[in-house]
Amino acid sequence: MTFLILFQRLRWVYLPASLLSMILQRAPLVRVLVTAESALGGGVSALLRSAFTVAAVGSYHALAGATQLATSPATPASATAGQAFSMAFALTGAPSAAKSYEIKGTLPPGLSVPGMVGDLLNASTGTITGTPTTAGSYSLSIRAWSNTNKRGDGGTPTFTVQINVQGGAVAPPSFTAHPADASAVVGGSANFSASATGGTVTYQWRKDGGTLAGATAATLSLTGLTLASAGSYDVVATNAGGSTTSNAATLTVTQPAVAPSFTSQPASASANVGGSVSFTASASGTAPITYQWTKDGAPINGATSTTLTLNAVTLASAGSYQLTATNAAGSAQSNAAMLTVTQPAVAPSFTSQPANASATVGGTVTFTASASGTVPITYQWTKDGAPINGATSTTLTLNSVTLASAGSYRLTATNTAGSAQSNVASLTVSDAIVAPTFSSQPANATATVGGTATFTASANGTAPIAYQWTKDGAPITG
């Protein structure tokens, strides 16, 4: 039964009975051959059939069964320059499909092996594909392994694949990359690059339509640029089939930018709480120049002009202000300007006033007042509008007054915000009062009941003198 099944699968192999018997003893070969046939498709299937007898009698290092590399089309293969080409390959005859290949040699220009890194292809099958550009005979050596990354069983034998590329009608070059616009400064450099396919290609760069001597590489490097270097650059690619001109690239050359430098600096300032202050600076350099004010090194939101105005300042507004100017060539910082903020001075106002006073000659009198306002506050007493020497406190004491001490006294309070005057306090001074002394005494008297008795006395002293009679020490009313 096994023989019949295998015969049905391999009926296209017209082999002698002895050779077919040997094949039937190599079940792994048949299993992998069928797998490779399915993977590579009909074109490779036909090749596998024709190569089967060779694979059956081969050997493969460290793997059971005979091995062979199947290719479609068969090697040596023919290709034509300028026309698409594809060759599939796979290992047959091993217990399992190969999982990695080593591919060395020379691929025809224009062809590649998709998925290959260096000389390694991690796959069970591979394809050599592309459009060859150069006629010639190219040979590749291929080895296979049972695991990825050229590991496991395998490594021998080495299979040879040959591709013969015939010359064909060559099309003019086709650009795969065009030169791009560039800009530079006077004295600087610029590079233009392009690439074209189409076999052996030569290049010639042009500026504004005129040929540039010696500029025959795929890259054009320009150094020591001047304003005259600006213009339109393109490259003409030429092969056996003709010439193709790339897109034009524009080179812009400008004078080198000059970094900013400050021509005027911000000045330090002071202000009262609630007031306003402005800082101004200016810088020269290549436009455009952008500006940013900072306070104590931190950017101030929205402060991006040469003048900074602060309104309704607070004590927290005090600090160091600086302007940074920036352009394409760099940045510069102004000098730091210090802002000092103080509370506004309050003029004095009296909270208590001096009071009128009276005294007798030789007596003592004191005037007192007090004022509020921004300190320091200085004081000055005046008499009848004239300053009193040394009277510079809130209290004025007059000792041993005389009649001349009488007058109008006032206190003036002064600070940085202004002055204020107290109310006027009047001083009245009179002569000294002489205590009464009796100049005559009352005499004893005798009277009958219902009769009348009279007592008389007199006293000297400062008038007015008040009198009060008493009887037995008690005041007599009336």
### Message
Could you tell me if T309 and S278 have a donor-acceptor pair between their side chains, going purely by distance under 3.5 Å?
### Response
yes
### Query
Residues in salt bridge (charged side-chain N to carboxylate O under 4.0 Å, His left out) with K150, at least two apart?
E102, D119
### Message
With rounding to the nearest 0.5 angstrom, report the NZ to OG distance, K383 to S408.
### Response
8.5 Å
### Gap between atom OG of S246 and atom CZ of R206 - 0.5 Å precision
8.0 Å
#### Entry: Interatomic distance, W145 atom CH2 to Y101 atom OH [nearest 0.5 angstrom]
11.5 Å
### Query
Taking the side chain from S276 and the backbone from N311, do they hold a donor-acceptor pair closer than 3.5 Å?
no
### Set of salt bridge (charged side-chain N to carboxylate O under 4.0 Å, His left out) partners for R410, sequence neighbours left out
none
### Whether N335 side chain and Q265 backbone form a donor-acceptor pair below 3.5 Å
no
### Query
Distance-only, no hydrogens or angles: does the Q292 side chain make a donor-acceptor pair with backbone N or O of I300 under 3.5 Å?
yes
### Message
Within the structure provided, determine whether V235 and L220 are in side-chain contact (heavy-atom separation under 4.5 Å).
### Response
no
### Task
Could you pull out all residues at least two apart from N389 that satisfy side chain to side chain contact (heavy atoms under 4.5 Å, CB included)?
none
### Query
What is the ring orientation for W205 with F192, classed by angle as parallel under 30°, tilted 30 to 60°, or perpendicular over 60°?
tilted
### Task
Output yes when a side-chain donor or acceptor of T244 lies under 3.5 Å from a complementary backbone atom of P173, and no otherwise.
yes
### Modelled atom types, side-chain donor and acceptor of S100 and N149, under 3.5 Å
no
### Query
Hey, what's the ring geometry for W469 with F455, parallel, tilted or perpendicular (30° and 60° as the breaks)?
tilted
### Query
Quick one: do the S331 and T324 side chains pair a donor with an acceptor below 3.5 Å?
no
### Query
Does the side chain of T238 pick up a donor-acceptor pair with the side chain of S243 at under 3.5 Å?
yes
### Query
Would a distance-only check, ignoring hydrogens and angles, find a side-chain to backbone donor-acceptor pair under 3.5 Å from N327 to V258?
yes
### Message
Under 3.5 Å, is there a donor on one side chain and an acceptor on the other for T250 and S232?
### Response
no
### Query
Short question: side chain of S268, backbone of M338 - any donor-acceptor pair under 3.5 Å?
yes
### Message
Checking S284 against T263: is there a side-chain donor and acceptor pair closer than 3.5 Å?
### Response
no
### Message
Within the 3.5 Å criterion, strictly below it, is a donor on S189 or T223 matched to an acceptor on the partner's side chain?
### Response
no
### Query
Is the backbone N or O of S305 less than 3.5 Å from a side-chain atom of W293, with the two atoms forming a donor-acceptor pair by type?
yes
### Test side-chain hydrogen bond (donor to acceptor under 3.5 Å, both in side chains) applied to N239 and T200, step by step
CA-CA 6 Å; N239 67 2; T200 301; over 6 Å; no
### Task
Ignoring hydrogens and angles, tell me if any N or O in the side chain of N415 forms a donor-acceptor pair with the backbone of T374 under 3.5 Å.
yes
### Message
Can a side-chain donor-acceptor contact be found between D234 and T245 if the only test is distance below 3.5 angstrom?
### Response
no
### Query
Under 3.5 Å, is there a donor-acceptor pair linking the side chains of S352 and S370?
yes
